[in-house]
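Quick note on labels: first sequence line is chain A, next is B, and so on, each numbered from 1. Only heavy atoms go into these numbers, but all of them, side chains included; no hydrogens, no water, no symmetry mates. What you see is a predicted model, and the numbers here were worked out from it, not measured in a lab.
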Protein chains: 2
Amino acid sequence: MSDGAKGKVAGSVLARVPKATFRAHIADGLRAAILNGDIEPGAQLVETALADQFGVSRGPLREAMRQLIDEGLLIAVPYTGTHVVGLSVDDVREIYSMRVTLEIFAFEQIWARRDQAFRQGLVARRDALTACIDAEDDAASIVAELQLHGFVYEATGHKLLIRTWDSIRGRLQLYWAAHHRAHGIRGPRRDGHDRYVEMALSDDFDTLKSEITDHMARGGRQTEDFLRGREARAAAQSP
Amino acid sequence: MSDGAKGKVAGSVLARVPKATFRAHIADGLRAAILNGDIEPGAQLVETALADQFGVSRGPLREAMRQLIDEGLLIAVPYTGTHVVGLSVDDVREIYSMRVTLEIFAFEQIWARRDQAFRQGLVARRDALTACIDAEDDAASIVAELQLHGFVYEATGHKLLIRTWDSIRGRLQLYWAAHHRAHGIRGPRRDGHDRYVEMALSDDFDTLKSEITDHMARGGRQTEDFLRGREARAAAQSP
DNA sequence: ACGGCTCACATTGTCAACAATCGACTGTCT
DNA sequence: AGACAGTCGATTGTTGACAATGTGAGCCGT
């Protein structure tokens with residue numbers, strides 16, 4: 001730890017970063033570890049162990065964990081422990097139903113303002129996603145798909161909406177990562193996203209709406225089958 | 001402070017509360033102080049002072065503040081300070097547009113399941129709100145109106161939606177409180193909410209949708225006028 | 001007088017030790 | 001044998017002190 005801590009000189013005119021704090025770095029690292037699957041759902045996070053691992057004290061670590069709790073990735077019970085959240089069938093169903101609503105809202109916000117930059121950005125991200133799928137790189141596909149959808153939210157400029165998407169994205173990624181590890185190749189098929197982008201660039205809002213609904217419904221059904229199977233297996237094992 | 005801290009005896013069989021921590025209590029207290037207007041928007045929150053005031057150390061207080069930051073009530077810049085957020089015209093516009101979407105989504109979720117309990121609960125909360133308005137009790141009106149709308153969200157049982165509403169409610173209440181202090185009597189007029197509840201209990205979903213849109217549009221317009229005036233005044237004063 | 005620099009202060013970030021609580025284990029009593 | 005109380009270890013909650021950083025006041029040179 002404490003690598004670039006002594007940089008007294010760099011007045012650095014253009015960087016408005018007020019000297020990064022540990023908490024942010026730790027939160028990012030922890031989040032990555034969770035979403036990457038290095039820490040499995042249900043696993044307990046022990047503060048002292050993690051603090052050692054990150055080379056910091058428990059103070060900053062606790063704040064980072066609290067941030068992840070607010071993001072819905074961790075769940076804490078006082079004096080007992082903090083665990084990585086395990087998503088249920090209902091949880092995933094909620095995420096997908098919410099996405100339908102939010103994403104349609106996002107397109108409502110931006111519909112009249114879909115300029116050239118937006119169209120190019122959307123196509124670029126679809127191409128990136130397609131490349132990842134063709135390369136059968138699941139981890140990259142997940143990130144690429146999140147960036148495709150995230151681009152739509154960002155384009156709205158609606159800070160509250162973006163904030164809400166951020167609060168959902170973590171859980172969605174958590175689920176996708178688990179699905180990916182369990183099933184190998186995951187959901188995103190080429191044609192589905194091609195159609196999605198095509199509709200997003202068309203002038204028929206109603207068709208886009210139903211495309212989004214279908215898009216999510218496909219993903220949702222897939223997830224439900226997977227999760228129901230997992231829950232059934234878990235139920236058959238534990239009691 | 002420090003009243004019920006030493007309760008060693010109370011084994012308290014029926015309470016499943018695992019011994020309340022300070023952090024939660026402080027977060028509630030701080031939130032109340034902010035929403036109540038005891039701490040004005042823009043004011044800086046100094047950790048040491050607040051810690052003394054609450055009778056705790058800076059550790060728990062920092063975590064409570066971080067929670068309020070995640071709720072969007074505070075904004076922090078490292079090594080410099082943490083301030084109560086001041087909402088702009090755009091912020092309020094975003095809140096209202098988001099509410100339209102979320103509330104329509106909420107009714108979609110619950111539409112087919114509007115049983116007797118739901119209807120009675122809705123009417124009861126409308127009556128409570130009406131009573132507060134008739135009594136010209138602004139502070140109570142705000143709470144009552146939040147409970148009326150909150151009841152709809154709760155009724156969906158959609159945890160993610162409720163969570164999202166929670167993340168918006170704080171900012172909405174913050175704005176309403178500021179509006180209330182500046183303008184005296186605030187927005188909620190009787191007939192507006194009567195119509196809202198009437199539509200919510202009817203069987204015409206489309207009409208409800210437009211009623212919600214109008215309902216919010218009225219509120220939004222009102223807020224914009226107020227905020228634009230405030231910003232204009234501020235702009236005329238500071239530079 | 002004005003711009004840049006130094007320095008002290010206020011505030012936040014971090015740390016290591018201490019206290020409180022929970023869960024499980026164990027030993028005893030019925 | 002089974003149930004219950006007490007105890008022990010592990011983990012989180014809390015604290016006060018120390019370090020790093022940003023900000024503004026005051027000084028100096030021009």
Shortest side-chain distance from [X], nucleotide among [options]:
X: A/T80; options: C/dG23, D/dA20, D/dT15; value: C/dG23
X: B/Q44; options: D/dG13, C/dC15, C/dT11; value: C/dT11
X: A/T21; options: D/dG22, D/dG13, C/dT14; value: C/dT14

Test of understanding: with side-chain contact (heavy atoms from CB on, under 4.5 Å), list the residues that count as partners of [X], not counting sequence neighbours.
X: B/A43; answer: B/I39
X: B/S167; answer: B/T164
X: B/R169; answer: B/L146, B/W165, B/D166

- Query: B/D70: what forms a salt bridge (charged side-chain N to carboxylate O under 4.0 Å, His left out) with it, not counting sequence neighbours?
  - Reply: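 In terms of salt bridge (charged side-chain N to carboxylate O under 4.0 Å, His left out), with neighbours along the sequence ignored, B/D70 is linked to no residue.
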Whole angstrom value for the distance that separates [atom2] of [N] from [atom1] of [X]:
X: B/Y79; N: C/dT12; atom1: OH; atom2: C1'; value: 7 Å
X: B/E47; N: C/dT11; atom1: CD; atom2: P; value: 11 Å
X: B/H83; N: D/dG22; atom1: NE2; atom2: C1'; value: 13 Å
X: A/I26; N: C/dC15; atom1: CD1; atom2: P; value: 8 Å
X: A/R23; N: D/dA20; atom1: CZ; atom2: C1'; value: 15 Å
X: B/H25; N: D/dT14; atom1: NE2; atom2: C1'; value: 16 Å
X: B/Q67; N: D/dG13; atom1: CD; atom2: P; value: 13 Å

- Query: Looking at B/H158 versus B/F105, is the centre-to-centre ring distance below 6.0 Å?
  - Reply: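 Ring centres of B/F105 and B/H158 closer than 6.0 Å.
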- Message: According to ring-ring contact (aromatic ring centres under 6.0 Å, His included), who are the partners of B/H149, at least two apart in sequence or on a separate chain?
- Response: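 Once residues adjacent in sequence are excluded, the partners of B/H149 under the ring-ring contact (aromatic ring centres under 6.0 Å, His included) criterion are B/Y196, B/H215.
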- Message: Applying a 4.0 Å non-hydrogen cut-off, can you work out what B/L45 is touching in the nucleic acid: base, sugar-phosphate, or nothing?
- Response: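 Sugar-phosphate contact only.
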- Item | Backbone of B/G121 reached by a side-chain donor or acceptor of B/R125 within 3.5 Å |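 Indeed, once roles are kept as given, a pair shorter than 3.5 Å links the two residues.
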- Taking DNA chain C as the partner, which of residues 58-66 of chain B come within under 4.0 angstrom of it by heavy atom?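 Correct list: B/R58, B/R62.
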